[in-house]
A.B. asks: 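Quick one: the structure is below, questions incoming.
Residue numbers begin at 1 in each chain, while the letters A, B, ... track the order of the sequences. Since the structure is predicted, the reported quantities are computational estimates derived from the model, not experimental observations.
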2 protein chains.
Amino acid sequence: MAKIRNPPTPPPVPLSRERILHAALHLADEGGIESLSMRKLAQKLSVKAMSLYNYVTNKDDLLDGIVDKVISEIEVPSLATDWQLAMRQRATSAHAVLLRHPWATMAIVSRVNVGSAMLHYVDATLGCLREAGFSVEMADHAWNAIDNHIYGFTLQELNFPFEATEYSAVAENYLSSIPVEHYPYLNQLTHHVIEGRYDGIHDFEFGLELILSGLDRFRHPT
Amino acid sequence: MAKIRNPPTPPPVPLSRERILHAALHLADEGGIESLSMRKLAQKLSVKAMSLYNYVTNKDDLLDGIVDKVISEIEVPSLATDWQLAMRQRATSAHAVLLRHPWATMAIVSRVNVGSAMLHYVDATLGCLREAGFSVEMADHAWNAIDNHIYGFTLQELNFPFEATEYSAVAENYLSSIPVEHYPYLNQLTHHVIEGRYDGIHDFEFGLELILSGLDRFRHPT
DNA sequence: TAAGTTAAGCTTACACTGTAAGTCTAGTCG
DNA sequence: CGACTAGACTTACAGTGTAAGCTTAACTTA
């Protein structure tokens, strides 16, 4: 008696690294990176978990893959334009991409990223700064300063526990845990938000411009 | 027949929230936050995992607790001194504390922190800026800009995969994956590091000074 | 003193996780 | 035809947080 275990439809479409990464990216975008498990990912691809390991060496490799996919969405600075404009565009694009993939910033800053998209992204950034008259060393410092802002700002923004529009309303509930006699300045800030005198929204460009303006004097003419 | 299960020595010292948080902090410092499990923590306290739940509502509560302990180590800015000096000291202290607890920065930026140490820390920061002549709104922006740098810089620093002293030596191994025809500028930077023309070490104060200098013009006289 | 209550430890169990190890099956090649 | 291989699979293990309920000793009150 023939032992037929499966009808001969292993997957509708054959598995591939690309298909796996694509599905993983979607899963992470939907439910955050902590809800991206090998079993759930496999299920989404109509496959069993261990089959994924034919295309991905382990979960770290998978995460490296989707992080690099995210990085590749960032608009890379061109060498042609004014360096401040180019850096502003780069930062704005990165910020937008990171907001589209709310799990990604944490992943980026907590792992070593040497995917080809990341290398290209960094190279173009350094190149733009070098061509603008920064030394090798200063270009590295400038790049670091800008990225600190991008990652730091985005993480704090994503971590903010309510929507900007509801901030004013929600702030009122928190007021009781910020008594004026213990936290006078924080209490004052909260009052300003409640009363609509300040919307409490942080501006990505504010810190960015501080850095870009400050960097200009470190160029030396070519 | 009396049913004696345990010799009457449940723990050598009675459990307490403080003792649990203290042990948890040590465990996290030693092995990172991912190696801090309720079972390991309990074992370290000569107790079983579920006993911890008499003092801690769940693991999130535990993490909130140790994060706030870390925050409490940061030197809070005084209202008396020059605002730039005070902010510089605050940032430097925060940076040092975060390096002492390498897991902490990620924990801070990935959860909502409303422990008393955090509230006090934020209040003192806002106060210093307000007294220096920043408006409520500007103080909030300034605080945010500075913290973006602190968290962004520290995360990138902690994520850097080798020690500063070995950087030059290790860079040589990576050179082959950064071919000059694909990544000319990154390749050049790497060469500078290998040849000792640049140590490749990022400076916490560099970005910080950019921000502090830029902020000054946003004060308005009292 | 007896009874009742509570605090603070405990065991067990469940639904998850990543992945090592080994197995089955269909297809290709010599 | 026989061997090999690619690509799916099953099973199993050691770990996770924590819900549910049990045990025992100490304290409180009648």
A.B. asks: I'd like to know whether B:Tyr185 forms a ring-ring contact (aromatic ring centres under 6.0 Å, His included) with B:Tyr183, so could you lay out the CA-CA distance, the side-chain angles of the two residues, the decisive distance to 0.1 Å, and finally the verdict.
C.D. replies: CA-CA 6 Å; B:Tyr185 298 99; B:Tyr183 312 108; over 10 Å; no
A.B. asks: Do B:Ile108 and B:Ile71 touch side chain to side chain, with heavy atoms closer than 4.5 Å?
C.D. replies: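 Side-chain contact under 4.5 Å: yes.
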A.B. asks: Would B:Asp140 and B:Asn144 count as having a side-chain donor-acceptor pair, cut-off 3.5 Å?
C.D. replies: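 No - no donor-acceptor pair under 3.5 Å links their side chains.
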A.B. asks: Of the options B:Val56, B:Asn54, B:Leu45, which is the one that meets B:Leu15 in a side-chain contact (heavy atoms from CB on, under 4.5 Å)?
C.D. replies: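 By the side-chain contact (heavy atoms from CB on, under 4.5 Å) criterion, B:Leu15 pairs with just one of B:Val56, B:Asn54, B:Leu45: B:Leu45.
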A.B. asks: List in numerical order all residues of residues 50-58 of chain B for which some heavy atom is under 4.0 Å away from an atom belonging to DNA chain C.
C.D. replies: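 Contacting residues: B:Met50, B:Ser51, B:Asn54, B:Tyr55.
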A.B. asks: Under 4.5 Å between any side-chain heavy atoms of B:Arg19 and B:His22, yes or no?
C.D. replies: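 When only atoms from C-beta onward are counted, B:His22 and B:Arg19 do not touch, as no gap falls below 4.5 Å.
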A.B. asks: Of A:Leu25, A:Leu36, A:Leu158, A:Leu98, which is the lone residue that meets side-chain contact (heavy atoms from CB on, under 4.5 Å) with A:Trp103?
C.D. replies: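 The passing option is A:Leu25.
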A.B. asks: Yes or no on side-chain contact (heavy atoms from CB on, under 4.5 Å) for A:Met138 and A:Leu129, after CA distance, side-chain angles and deciding distance?
C.D. replies: CA-CA 9 Å; A:Met138 274 309 308; A:Leu129 293 166; over 6 Å; no
A.B. asks: Would you please indicate if the ring centroids of B:Tyr151 and B:Phe153 are separated by under 6.0 Å?
C.D. replies: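 Ring centroids of B:Tyr151 and B:Phe153 are no less than 6.0 Å from each other.
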A.B. asks: Might you list the N or O atoms of the protein lying below 3.5 Å from N or O atoms in nucleotides 15-17 of chain C, with each pair's distance?
C.D. replies:
{"unit_1": "C:dT17", "atom_1": "OP1", "unit_2": "A:Ser37", "atom_2": "OG", "d": "2.8"}

A.B. asks: Rounded to the nearest Å, what distance is computed from the CD atom of residue B:Gln43 to the P atom of nucleotide C:dG9?
C.D. replies: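 To the nearest whole Å, that distance equals 17 Å.
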A.B. asks: Could you give the CG-to-P distance, from B:Leu15 to C:dG9, as a whole number of Å?
C.D. replies: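 Those two atoms, CG and P, are 5 Å apart.
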A.B. asks: For the pair made of CG in A:Asp61 and P in C:dT19, what is the distance, rounded to whole Å?
C.D. replies: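 Taking atom P of C:dT19 as the reference, CG of A:Asp61 is at 10 Å.
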A.B. asks: Tell me the interatomic distance from B:Leu63, atom CG, to D:dT16, atom C1', rounded to whole angstroms.
C.D. replies: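 Between C1' of D:dT16 and CG of B:Leu63: 13 Å.
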A.B. asks: For the pair made of CG in B:Leu41 and P in D:dT18, what is the distance, rounded to whole Å?
C.D. replies: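 That distance rounds to 12 Å.
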A.B. asks: Dump the intermediate steps for side-chain contact (heavy atoms from CB on, under 4.5 Å) on A:Phe204 and A:Ile150, then the final yes or no.
C.D. replies: CA-CA 8 Å; A:Phe204 180 74; A:Ile150 295 175; 4.1 Å; yes
A.B. asks: May I have the distance from A:Glu34 (atom CD) to C:dG18 (atom P), rounded to whole angstrom?
C.D. replies: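 Atom-to-atom, A:Glu34 to C:dG18, this comes out as 12 Å.
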A.B. asks: Starting at CG of B:Asp60 and ending at C1' of D:dT18, how long is that distance when rounded to a whole Å?
C.D. replies: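 So the two atoms are 13 Å apart, to the nearest Å.
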A.B. asks: Rounding to an integer number of Å, can you tell me how far A:Ile20 CD1 sits from D:dG7 P?
C.D. replies: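 Nearest whole value for this atom pair: 11 Å.
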